[in-house]
**Student:** 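Let me give you the structure first, and then I'll get to my questions.
Chain letters run A, B, ... following the sequence lines, proteins first, then strands; residues in each count from 1.
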Amino acid sequence: MLAVARELLGCRVVHGRTEGVIVETEAYHHSEPACHAFVGLTPRTKVIFGPPGRAYVYRSYGIHVMLNAVCEPQGEGAAVLIRALAPLRGVEMMRERRGGLAREQDLCSGPGKLTQALGVELEDNGSDLAAGVVRVLAPAPEWREPRVLAGPRVGITQAAELPWRFAVAGDPNVSRPRPPDPLRASRRSRARA
DNA sequence: CATGGGATTGACT
DNA sequence: GTCAATCCCATGC
């Protein structure tokens with residue numbers, strides 16, 4: 001599951017004529033309390049315990065739609081939350097859906113933002129990410145093996161210490177707060193000293 | 001059937 | 001930095 005969260009970085013998400021490159025993910029597993037599947041098998045968590053390669057889509061805080069990729073074999077509750085994309089295609093459509101924002105890096109820089117920009121709906125819950133309305137495709141050559149930063153997950157109160165958030169280093173579309181980049185940090189401390 | 005919490009965002013101070 | 005918006009669903013009476 002952690003390997004999947006890393007490998008999804010650089011992959012593309014396609015919905016209709018809109019497409020983006022995944023630059024930030026978070027892993028969740030039924031063995032830890034931040035995961036919806038922690039409570040066991042219920043109508044809500046059924047998809048997370050189901051076969052891998054499906055979309056787990058749900059509404060958060062009554063407002064935002066979240067998109068996850070289910071992983072691990074059926075019976076094991078694990079999913080990777082897709083937290084940010086680099087817009088690739090259909091940028092004008094994304095802008096319209098997001099309310100005409102000017103900056104491209106504000107279109108998909110958060111889990112609720114990217115579903116709004118792509119038009120992902122709650123009805124996409126349980127759909128096949130290889131053949132459904134929402135698809136995940138292999139990375140383009142230039143997005144293979146990006147430099148990856150890991151850090152604690154965002155916006156949770158349970159199991160907050162697990163470093164299960166992954167982001168492409170230096171990408172402007174990564175949501176805030178950004179995981180610290182060791183290279184930049186060392187340069188800054190050198191400049192200060 | 002009523003209640004409460006949550007993997008967020010944007011507007012405001 | 002704070003705060004409200006807003007709804008699905010698990011849980012408890």
**Student:** Output one letter per nucleotide in nucleotides 6-13 of chain B: B when a protein non-hydrogen atom lies under 4.0 Å from the base, S when only the sugar-phosphate is that close, - when neither is.
**Tutor:** BBBSS---
**Student:** Can we say A:Arg153 and A:Glu26 salt-bridge, meaning some charged N sits less than 4.0 Å from an Asp/Glu carboxylate O?
**Tutor:** no
**Student:** Between the main-chain N or O of A:Ala117 and the side-chain N or O of A:Arg97, is there a donor-acceptor pair closer than 3.5 Å?
**Tutor:** yes
**Student:** Closest approach of A:Ala37 and A:Thr45, non-hydrogen atoms and distance?
**Tutor:** CA-CG2, 3.8 Å
**Student:** Is A:Asp128 salt-bridged to A:Arg135, cutoff N-O under 4.0 Å?
**Tutor:** no
**Student:** Find the distance A:Glu121:CD to C:dC8:C1' and express it as a whole number of Å.
**Tutor:** 16 Å
**Student:** Any chance the rings of A:His36 and A:Tyr28 have centres within less than 6.0 Å?
**Tutor:** no
**Student:** Do A:Val168 and A:Pro146 touch side chain to side chain, with heavy atoms closer than 4.5 Å?
**Tutor:** yes
**Student:** Which atom pairs, donor and acceptor, lie under 3.5 Å between side-chain atoms of residues 73-88 of chain A and protein residues at least two apart or in another chain?
**Tutor:**
from	atom 1	to	atom 2	distance (Å)
A:Glu76	OE2	A:His29	NE2	2.9
A:Arg83	NE	A:Glu24	OE2	2.7
A:Arg83	NH2	A:Ser175	OG	3.0

**Student:** Please determine which of A:Leu9, A:Ile22, A:Val23 meets the side-chain contact (heavy atoms from CB on, under 4.5 Å) test together with A:Trp143.
**Tutor:** A:Val23
**Student:** Reading 5' to 3' and counting Watson-Crick or G-U wobble pairs with both distances under 3.5 Å, write the dot-bracket notation for DNA chain B, | for bases paired outside the strand.
**Tutor:** ||||||.|||||.
